[in-house]
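Counting starts at 1 for both ligands and their atoms, following the listed order. Reckoned from all heavy atoms, side chains included, excluding hydrogens, waters and symmetry mates.
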Amino acid sequence: MRDPHDISTRAVHVVNEPPDPGSRPLSVPLVQSSAFAFDSADALAEAMAGPDGRYVYSRRGNPTVRALEKTLAGLEGGDSAIAFASGMGAISGVLLALLRPGDHVVAQRCLYGGTYAVLSDLAERYGIEVSHVSGDDAAEFEEAARKPRTRLLVMETIANPTGQVPDLPGMLAAARRLGITSVVDNSLASPVLCRPLELGADIVVHSTTKYLSGHSDVLGGAAVFADGELRRAVWPRTVELGACADPFAAWLTLRGIATLPLRMREHCANAAVLAERLAARPDVSAVHYPWLAGHPSYGTARTVLSGGGGLLSFELAGGREAGRAFIERVRIARLALSLGGVETLVTHPASTSHRELDADALAAAGIGAGLVRVSVGIEGVEDLWSDFERALGAGGGERPGGWGHMSLLLG
Ligand SMILES: *Cc1c(COP(=O)(O)O)cnc(C)c1O
């Protein structure tokens, strides 16, 4: 039958039938819609009342984004989740939603730079006090806490680039005792290697940009809540902030998550081999990888994590020049700032992100002049090692017998 409407009307109102309930798509449908249509004013008004009603507007909720939120809550063992536009969106959203002027925050000293910056900014502009602690000592945390002003404890499962694995069980138990809400950034471990909610955390935050999506093609973040009340308290603030996940980004992240456990296995196995071989070279003065015996967090890492992760760093005895030469000589590994993707990435803070700092300032920041950070990908490990050996140049390779005590155990 001929459609009687104008061609402009027909072009706008394309065929858009609800899915046939008898034939469900295998992949999560991408609902790339900013808003949702209703048949009655009452139904729309009712849907607007909270986070769990029908979809109204995609800043408040979207079916593809909801699929990601439910998947992440399931992976982390949480009650529910909120997906964000980026990891920083998730971290800023949670901090802004929960903190008020006059509150006190205790945070781990070695934190992701962006998190450190938001906390400093909140301290300066909103009268929020921040104390930094090592994260390895629950007694130090209890001493730093100021009841009842201490509102949040902020931690990370694996810190970057030191590979520090703090004492999450001890710190989270202390936070529970003191009635302080705990937030743990689990981006570097992913729920495959650690599930902080199972260790007593209240909120887990993620940069899903990293291992969860895993292919360096999307930005995203998430907060996963142990308790639905906490999510309902945070949700309205995040809707106001507008740092919501885009449906296509959520869809790409869901696609990446399917292979997360397989990828993590390869990241961990490759990183362990590279860490061990780097540690055996005379031109490498230190290797920082929590799964390597001798790392300060080795004991904790073995109990808190089920693998060492994909991030390692090492210090070249040749200092700044050697670090710069290494990152410019690699061919398979790429020089880029992110981490957690399938490809190996290297960076040298002293000649990139921290190039303005002189030797003393670098030392104060805990960054060696020859420190190279590696996000180990899932390429063939022998190809990666050949690339590294070539980039390191002559003068290494042989393995002095003294390193025999280095044991790398996966599992
Ligand atoms: C990258 C990263 C973030 C920030 O995430 P974005 O997605 O870049 O906003 C936060 N925490 C950690 C540990 C990260 O590695």
Would Y211 and H206 count as a ring pair (Phe, Tyr, Trp, His ring centres under 6.0 Å) if you check the C-alpha gap in whole Å, the side-chain angles of each, and the deciding distance to 0.1 Å?
-> CA-CA 10 Å; Y211 291 103; H206 272 288; 9.9 Å; no
At a heavy-atom distance under 4.0 Å, which protein residues reach ligand 1? Sort them by chain and number, would you?
-> S86, G87, M88, I91, Y112, D185, S187, L188, S207, T209, K210, G220
Ignoring hydrogens and angles, write down the donor-acceptor pairs under 3.5 Å from the side chains of residues 21-39, residues two or more places apart or on other chains.
residue : atom : partner : partner atom : Å
S23     : OG   : D20     : OD2          : 2.9
Q32     : OE1  : F248    : N            : 3.4
S33     : OG   : A35     : O            : 2.8

Would you be so kind as to tabulate the donor-acceptor pairs closer than 3.5 Å made by side chains of residues 214-225, with sequence neighbours excluded?
residue : atom : partner : partner atom : Å
H215    : ND1  : S213    : O            : 2.9
S216    : OG   : E343    : OE2          : 2.7

Go through the steps for D167 and T300 under the test side-chain hydrogen bond (donor to acceptor under 3.5 Å, both in side chains), then give the verdict.
-> CA-CA 6 Å; D167 174 20; T300 314; over 6 Å; no
Under the ring-ring contact (aromatic ring centres under 6.0 Å, His included) rule, collect the residues that match up with F326, sequence neighbours excluded.
-> F314, F388
Inspect the contact between E46 and R54 and indicate whether a charged nitrogen and a carboxylate oxygen are less than 4.0 angstrom apart.
-> no
